[in-house]
Protein chains: 2
Amino acid sequence: MERTNIDNQTIDLGKKFEIIYNPSSEFKGYCPIRDILDRFGDKWSIYTILQLGQTDKMRFNELKSKISGISQRMLTVTLRSLEQDGLVERTIYPQIPPRVEYRLTSLGFSLLEQMVNLGEWASTHMDEIIKARECFATKTNSQLIQSN
Amino acid sequence: MERTNIDNQTIDLGKKFEIIYNPSSEFKGYCPIRDILDRFGDKWSIYTILQLGQTDKMRFNELKSKISGISQRMLTVTLRSLEQDGLVERTIYPQIPPRVEYRLTSLGFSLLEQMVNLGEWASTHMDEIIKARECFATKTNSQLIQSN
DNA sequence: CCGTATCCAACAGGATACTG
DNA sequence: CAGTATCCTGTTGGATACGG
């Protein structure tokens, strides 16, 4: 198994790689990251998880008001999806008007920690990425100018 | 700033939360995680990053053959996107037939590390999630039966 | 209050054909 | 070899109206 070495960055992916992604087989080429990202890579899951991580429990409309821009439909869809994966727990109090509370499960909290880690990476490197985008735009523009 | 406490899990998100997501303002409510996930939360970016992390450089068709299922178009699109964000470096050797090499930048490698972390989380908790999905399906079915 | 149902626009991405 | 260009389909998610 090969090792990667660039700029004195040596990452021994060999061991980990087989765990997280095995491309050699059509059937065993299942990728857990893909599965996870298919679920919370959507538009609202992260916001929802982050919000639920701020307090121990929240009601539907409370969540809706804190996640700016989300529609009623999408909040329902998102919460069902998270509930289905065992990340969020839904408690219904049988009363009129209905009262429903949502909270992260311990699994949800462990994902939250990963999200926070990813968020810290994103915050740290966001300026590099933005610079790269600007630089790329400049390169593309100059190529366009040359081809005129 | 509130603290979250469930099952003896105390995460002090207060400090980190403001960095990674500020929902209080329409304009300052910019979320770096969202930005990042909008980029590599797509269908092919992770596979591409993982593959490029396996060797120090790869050619276009080499990549295409290793990422099973990807179309020529989507590989181009994905690589351009990653290049634009400074995660991948593209080297063109002006010869016929053309020779193009791709490699991760150091920024790309640091993202790869995050992906590996996420992948380990996913691998560790995948069985819990699958169980939760099955359990959810059972609950839903029994509700359907009751309503019949 | 907390949803569900329906309709619809926008976009991601696959198939195919063509090019320097 | 390494792409573009074009077309076309499936899915995501927003708007709106209605229901227990």
- Using a cut-off of 4.0 Å on non-hydrogen atoms, how would the nucleic acid contact of A:Tyr102 be classed: base, sugar-phosphate, or nothing?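 Touches sugar-phosphate only.
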- Using a cut-off of 4.0 Å on non-hydrogen atoms, how would the nucleic acid contact of B:Lys43 be classed: base, sugar-phosphate, or nothing?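 Here B:Lys43 touches the backbone only, sparing every base.
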- Item | Position toward the 5' end of DNA chain C (nearest nucleotide), B:Pro97 or A:Phe60 |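 Its nearest nucleotide lies further toward 5', so the answer is A:Phe60.
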- Item | DNA chain C: 5'-proximal contact among B:Val77 and A:Glu62 (nearest heavy atom) |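 Residue closer to the 5' terminus by nearest nucleotide: A:Glu62.
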What is the distance from [atom1] of [X] to [atom2] of [N], rounded to the nearest Å?
X	N	atom1	atom2	value
A:Gln95	C:dG3	CD	P	13 Å
B:Arg39	C:dA12	CZ	C1'	14 Å
A:Met74	D:dT12	CE	P	9 Å
A:Ile92	D:dG20	CD1	P	16 Å
A:Asp42	D:dG14	CG	P	10 Å
B:Met58	D:dG3	CE	P	14 Å
B:Asp38	D:dG13	CG	P	10 Å
B:Glu83	D:dA2	CD	P	15 Å

- Task: Could you walk me through whether A:Met115 and A:Glu113 pass the side chain to side chain contact (heavy atoms under 4.5 Å, CB included) test, one step at a time?
- Result: CA-CA 5 Å; A:Met115 290 296 90; A:Glu113 284 187 82; over 6 Å; no
- Within one Ile-Leu-Val-Met-Phe-Trp-Tyr cluster: A:Ile130 and B:Leu107, side-chain cutoff 4.5 Å: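 In one cluster: yes.
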- Query: In terms of the nearest nucleotide of DNA chain D, which residue is placed more toward the 5' end: B:Asn61 or B:Arg73?
  - Reply: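 Checking each residue's closest nucleotide, the 5'-ward one belongs to B:Asn61.
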- Message: Go nucleotide by nucleotide along DNA chain D from the 5' end; which of A:Pro98 and A:Ser71 gets its closest nucleotide reached first?
- Response: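 Closer to the 5' end of DNA chain D: A:Ser71.
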- Message: Between B:Arg99 and D:dA2, is there a contact of a side-chain N or O with OP1 or OP2 at under 4.0 Å?
- Response: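 Indeed not, no polar side-chain atom of B:Arg99 lies that close.
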- Quick one: is D:dG3 close enough that its OP1 or OP2 comes under 4.0 Å of any side-chain N or O from B:Arg90?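 Affirmative; the distance criterion is met.
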- Task: Between D:dA2, C:dG14, C:dC2, spot the one nearest the side chain of A:Gln72, thanks.
- Result: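 It is C:dC2.
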- Query: Nearest to the side chain of A:Val100 - D:dT4, C:dG3, C:dG13?
  - Reply: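 Per side-chain heavy atoms of A:Val100, the pick is C:dG3.
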Closest contact, heavy atoms only, [X] versus [Y]:
X	Y	answer
A:Leu104	A:Leu52	CG-CB, 3.7 Å
B:Asp127	B:Thr124	OD1-O, 3.2 Å
B:Ile92	B:Val100	CG2-CG2, 4.3 Å

